[in-house]
Engineer: 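Dropping a structure here in structure tokens format, bear with me for questions.
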Amino acid sequence: MINPLRGMKDLTFEESARFVHIITTAIGISKKYGYSYIETPILEETGLFKRSVGESSDIVGKEMYQFEDKGGNDVCMRPEGTAGIVRAFVQAKLDRRQNEKFKFYYYGPMFRYERPQKGRLREFHQFGCESFGEGSVYEDFTIIQMIGDIFRALGIGYYLQINSLGCPECMPLYRENLVNFLNDCKDELCEDCNRRIVTNPIRVLDCKNEKCQNILTESPKLIKSLCSSCDSDFEKLIKLLNSENISYEIDTNLVRGLDYYSKTAFEFVSNEIGSQSAIAGGGRYDKLVEFLDGKPTPAVGFALGIQRIMELVQMPEIEREGYYIGAMEESAIDTLFHLASKKRTTDKVTLEYSAKKLKAHLKGADRVNARYCAVVGEDEFRDGTIWIKDLIKKEEFTISQKEF
Ligand code: HAM
């Protein structure tokens, strides 16, 4: 038997129903917020992710499904959705329509060659939204509010962590202060942190090592070094969250694993699914369009981790629906075939192709969760009628096939 690859999973039966429920709920809500669907390729040029997610990030440095295709191109299975959507945005020259706003939602598989564990897969699915052309912090708030709406509709509890990652005006000075601090205590920091002091010092703040975290409690904090624009946006975001009663926690060490963020960064976390607890993440990325050769365009977005949310979601009870149709005599099946085709234009219909006893048909209707079990026996075949049982109301009746 051939198994799926390590860290990759099939979605079958009950799981696929959960998956579809999450996606359709998220689509319904994102449409209300003005988002429309975008689809981009799963395979992209490796350079796209190097330039956007960042060469020094773990995703690009260690986790890419990267290979040379038959034409000798360096390609990569997308580890996330934002970079491809920004590329598509620039490709379609939408960056030139500076007075317009564009809002896209997407969902699909992402690939990261991580060490698989509970909540961490090598192929996983995201639902995400990207909003282009809106620099106002009201949009950051609206995105957070939208994620809250999605989780509420799915019946999921969460807590929200926020931070500001500054901008090219305030970040360089902060980085310098941080590097000075880190260099002073580098002997006490782990090997990874020592490497990051040189490659990407901000990521040191995200180290999971307890000893490093203790040292970092004394580190300079970015939100205390923000320039006036970043500072007033962060203040405004907090005011909006407070006024709408959305609870949050400011986490000054929240830096996210992707290098394209500026200003607002956030994560939605669940404490019910173990150590891989982030169920959504996102933030503002005002420089990325420009970085991928477009005209400067502010942007903000997020992605939900579908598999992690599947662990949490309570499925609504599925109501019995439509018809199960069966015959008790082989000779009636052609007639039923015709009836089923007609009925299918308005209702969900399951047709059983072999003749069976009534009891077996009732069981069959139960199995497909049909509301009505419709059966043609010897008498009904002769009279041109059909016997129907309403499995919700527990009522039985016989009508003419024509009426049916
Ligand atoms: P991210 O935080 O890397 O952000 O991923 C978003 C979500 O995907 C995470 O919160 C988590 O639920 C899920 N996820 C990530 N890695 C795995 C994994 N190995 N297995 C299962 N689930 C996983 C992004 O990808 C950004 N593109 C989000 C964004 C959109 N920012 C702005 N726009």
Side-chain angles (χ1 to χ4, degrees), residues 6-9 11 19 22 26 30 35 38 40 44 48-49 52-54 57-60 62-65 77-87 89 102-132 134 139-140 143-144 146-147 150-151 154 156 158-163 165 203 206 254-270 272-289 298-313:
R6 200 162 117 77
M8 303 200 176
K9 270 189 169 176
L11 271 180
F19 182 90
I22 295 166
S30 61
Y35 286 77
I38 189 169
T40 62
E44 296 269 8
L48 171 66
F49 302 108
S52 53
V53 176
S57 67
D58 282 354
I59 295 179
V60 170
K62 304 183 194 163
E63 298 167 3
M64 299 247 273
Y65 273 85
M77 310 275 276
R78 64 180 181 196
E80 58 102 49
T82 312
I85 289 165
V86 174
R87 183 200 49 64
F89 178 80
F102 298 92
K103 293 170 198 270
F104 302 114
Y105 76 82
Y106 58 96
Y107 59 94
M110 309 292 158
F111 300 83
R112 296 184 192 174
Y113 197 84
E114 297 190 77
R115 196 171 47 76
Q117 63 177 88
K118 185 173 166 358
R120 194 202 273 155
L121 292 161
R122 287 181 174 170
E123 184 194 25
F124 59 98
H125 292 74
Q126 288 184 345
F127 173 90
C129 286
E130 313 293 352
S131 163
F132 293 96
E134 185 53 85
E139 188 70 346
D140 309 35
I143 285 228
I144 290 174
M146 170 161 76
I147 304 169
I150 294 173
F151 288 149
L154 292 170
I156 290 176
Y158 61 83
Y159 59 94
L160 166 65
Q161 297 176 325
I162 56 166
N163 194 17
L165 296 176
R203 288 302 310 280
D206 197 27
L254 176 72
V255 294
R256 311 271 300 123
L258 311 102
D259 288 351
Y260 47 63
Y261 294 108
S262 53
K263 295 195 169 182
T264 308
F266 58 81
E267 272 182 9
F268 284 72
V269 179
S270 162
E272 290 170 46
I273 50 170
S275 65
Q276 300 306 309
S277 56
I279 50 176
R284 187 161 272 288
Y285 52 94
D286 287 346
K287 294 289 158 198
L288 188 55
V289 177
V300 54
F302 73 92
L304 313 174
I306 305 295
Q307 275 81 4
R308 292 186 190 168
I309 294 168
M310 279 166 64
E311 302 255 323
L312 295 163
V313 78

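In each ligand, atom 1 is the first atom listed, and ligand 1 is the first ligand listed. Predicted model only: the values in this text are computed from it and were never measured.
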Engineer: May I have the step-by-step check of salt bridge (Lys or Arg N to Asp or Glu O under 4.0 Å) for Glu80 and Arg112, ending in yes or no?
Structural biologist: CA-CA 9 Å; Glu80 58 102 49; Arg112 296 184 192 174; 5.7 Å; no
Engineer: Output yes when the distance from some N or O of ligand 1 to some N or O of Arg120 is under 3.5 Å, and no in every other case.
Structural biologist: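 No: no nitrogen or oxygen of Arg120 is under 3.5 Å from one in ligand 1.
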Engineer: Run the numbers for me: atoms of ligand 1, each under 4.0 Å from some heavy atom of Gly282, listed by number.
Structural biologist: 31 (N)
Engineer: Decide whether Tyr106 and Glu130 meet the rule of one side-chain donor and one side-chain acceptor closer than 3.5 Å.
Structural biologist: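 Yes, Glu130 and Tyr106 have a side-chain donor paired with an acceptor closer than 3.5 Å.
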Engineer: Output yes when the distance from some N or O of ligand 1 to some N or O of Tyr285 is under 3.5 Å, and no in every other case.
Structural biologist: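 No.
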Engineer: Check for a donor-acceptor pair, side chain of Arg78 on one end and backbone N or O of Glu44 on the other, with a separation under 3.5 Å.
Structural biologist: no
Engineer: Any N or O on Phe302 sitting closer than 3.5 Å to an N or O of ligand 1?
Structural biologist: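 N/O-N/O distance below 3.5 Å exists for this pair.
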Engineer: Quick check: does any side chain N or O of Arg6 sit under 3.5 Å from a backbone N or O of Arg115, one acting as donor and the other as acceptor?
Structural biologist: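 A pair under 3.5 Å: no.
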Engineer: Any N or O of Tyr106 that comes nearer than 3.5 Å to an N or O of ligand 1?
Structural biologist: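 Min N/O separation from ligand 1 is not below 3.5 Å for Tyr106.
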Engineer: Return yes or no for this condition: an N or O of Ile59 is under 3.5 Å from an N or O of ligand 1.
Structural biologist: no
Engineer: Does Tyr65, at its OH atom, have more than 12 non-hydrogen atoms belonging to other residues, nucleotides or ligands within less than 6.0 Å?
Structural biologist: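 Count over threshold, so yes.
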Engineer: Locate the shortest heavy-atom distance separating Leu304 from Ala26; write the atom from each residue and the value.
Structural biologist: CD1-CB, 4.4 Å
Engineer: Which protein heavy atom lies closest to atom 14 (N) of ligand 1, and at what distance to 0.1 Å?
Structural biologist: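 Result for atom 14 (N) of ligand 1: Phe124 CE1, 3.5 Å.
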Engineer: Is the backbone of His125 close enough, under 3.5 Å, to the side chain of Gln307 for a donor and an acceptor to pair up by distance?
Structural biologist: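 A pair under 3.5 Å: yes.
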Engineer: Assess whether side-chain contact (heavy atoms from CB on, under 4.5 Å) is satisfied between Ile162 and Thr264, documenting all intermediate values.
Structural biologist: CA-CA 7 Å; Ile162 56 166; Thr264 308; 5.6 Å; no
Engineer: At a 4.0 Å threshold, what atoms of ligand 1 neighbour a non-hydrogen atom of Tyr261?
Structural biologist: 26 (C), 28 (C), 29 (C), 31 (N), 32 (C)
Engineer: Any atom of ligand 1 sitting under 4.0 Å from a heavy atom of Ala280?
Structural biologist: yes
Engineer: Report yes or no: do Tyr285 and Thr82 form a side-chain donor-acceptor pair below 3.5 Å?
Structural biologist: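 No pair is found: no donor N or O on one side chain lies under 3.5 Å from an acceptor on the other.
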Engineer: With heavy-atom distances below 4.0 Å as the criterion, list the atoms of ligand 1 near Glu80.
Structural biologist: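 Near Glu80, meaning under 4.0 Å from one of its heavy atoms, ligand 1 has 25 (O), 26 (C), 27 (N).
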Engineer: Under 4.0 Å from a heavy atom of Tyr260: which atoms of ligand 1 are those, numbered in the order shown and with their elements?
Structural biologist: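 The atoms of ligand 1 under 4.0 Å from a heavy atom of Tyr260 are 26 (C), 27 (N), 31 (N).
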Engineer: May I ask whether Arg256 has any heavy atom positioned less than 4.0 angstrom from an atom of ligand 1?
Structural biologist: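 Right, Arg256 reaches ligand 1.
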Engineer: Atoms of ligand 1 less than 4.0 Å from Ile279 heavy atoms?
Structural biologist: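 In order of number, 10 (O), 12 (O).
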Engineer: Within the structure, does Glu267 bring an N/O atom to less than 3.5 angstrom of an N/O atom in ligand 1?
Structural biologist: no
Engineer: Would you call Asn163 and Phe266 a side-chain contact if the rule is heavy atoms closer than 4.5 Å?
Structural biologist: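 Answer no - side chains too far apart.
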Engineer: Any idea which of Gln126, Arg112, Lys118 brings a heavy atom closest to atom 6 (C) of ligand 1?
Structural biologist: Gln126
Engineer: May I ask which of Ala83, Gly305, Ala278, Gly119 has a heavy atom nearer to atom 21 (C) of ligand 1 than the others do?
Structural biologist: Gly119
Engineer: Please check: side-chain N/O of Arg308 versus main-chain N/O of Gly119, any donor-acceptor pairing under 3.5 Å?
Structural biologist: yes
Engineer: Is Leu121 close to ligand 1, meaning an N/O of one under 3.5 Å from an N/O of the other?
Structural biologist: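 N/O-N/O distance under 3.5 Å: yes.
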Engineer: Output the list of atoms in ligand 1 that are nearer than 4.0 Å to some heavy atom of Glu130, sorted by atom number.
Structural biologist: 30 (C), 32 (C), 33 (N)
Engineer: Please determine which of Phe127, Phe302, Tyr159, Phe268 meets the ring-ring contact (aromatic ring centres under 6.0 Å, His included) test together with Phe151.
Structural biologist: Phe268
Engineer: For Gly281, counting its heavy atoms only, list the atoms of ligand 1 lying under 4.0 Å from any of them.
Structural biologist: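 Every atom of ligand 1 under 4.0 Å from some heavy atom of Gly281: 10 (O), 28 (C), 29 (C).
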